[in-house]
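First listed ligand is number 1; within each ligand, the first listed atom is number 1.
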Amino acid sequence: MTSIPPLVDSHIHLYEFDDIELESLCKDDYVMLAVSDDILSSFKTVEIARKCEKVIPAIGVHPWTIKGEVKIDPLIDLINKNPVRFLGEVGLDKRFVPETFEFQLRVFKEFIELAETYKLGISLHAPDAWRDALEVLKKSSVRVVIFHWYTGPLDLIKEVIDEGFYIGINVAAKFQKKHAEVIKVVPIERLVTESDGPYRYRGVTLKPSLLPELVSFIASTKGLSEHDVRIAIWSNFSKILKDAGLLL
Ligand SMILES: [Zn+2]
């Protein structure tokens, strides 16, 4: 009998959890790609990853925190001194903060250059800017990208997949109909799970403990067994890590 692989949380803001929660998450059966929101949280995330081997750190500046020019030099220093292989949460956002789009685009392009130089993977945020982000990525040499909590047009998914990128399905799919539709369209080979914890959505605090329910939701949507879904998602995530230069 094959053993069950760990649950995958491909997008979580771990630095926002308290020490007790962190300790318990680290003991549980999760492998987590921990994203950051700004320079300070990037440093915190790298520190958390140093203490918990199930945490893969991603550093960056979230589009929501961009108000003007951003100096990303401290992050370059962080990459040079630590085993950082991912940028996140970075991207573009025309839904929640359209007023800063011009700055966001400038910063995003800087991050793309950084990812090209260091061959980093990206956890991408792009509400209502999915095509804008895809176009920037297509022109780059960046090959490892997870489109986090994808809620974009269903007909754009094929283009995302054709580029070799992955789609992040959030635990909120169970109660966000638009997101649930995405599960039907994305082939199981290109899908990864995520919590985006501890973000609050429609009164629910999103967290990794909701991942088993998501796995069973994906299984029933796709007509697969939960076991097969867990194996597929772990295999996808392992490939993402390997392609970003991480050895498991
Ligand atoms: Zn997030």
State plainly whether the residues [X] and [Y] are in salt-bridge range, i.e. N to O under 4.0 Å.
| X | Y | result |
| --- | --- | --- |
| D128 | K94 | no |
| K184 | E181 | yes |
| R106 | E102 | yes |

**Asked** At the Zn ion (ligand 1), what is the angle formed between atom OE1 of E89 and atom OD1 of D196, rounded to the nearest 10°?
**Response**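 Here the angle at the metal atom is close to 170°, to 10°.
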**Request:** Write the atom name of the N, O or S atom in H11 that is nearest the Zn ion (ligand 1).
**Result:**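 For H11, the N, O or S atom at the smallest distance from the Zn ion (ligand 1) is NE2.
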**Message:** When you measure from the Zn ion (ligand 1) to the N, O or S atoms of H148, does any of those distances fall below 2.8 Å?
**Reply:**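 False for H148.
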Could you list the donor-acceptor pairs under 3.5 angstrom formed by side chains in residues 51-63, with sequence neighbours left out?
residue : atom : partner : partner atom : Å
K54     : NZ   : C26     : O            : 3.0
K54     : NZ   : K27     : O            : 3.4
K54     : NZ   : D28     : O            : 2.4
H62     : ND1  : W64     : N            : 3.0
H62     : NE2  : E89     : OE2          : 3.2

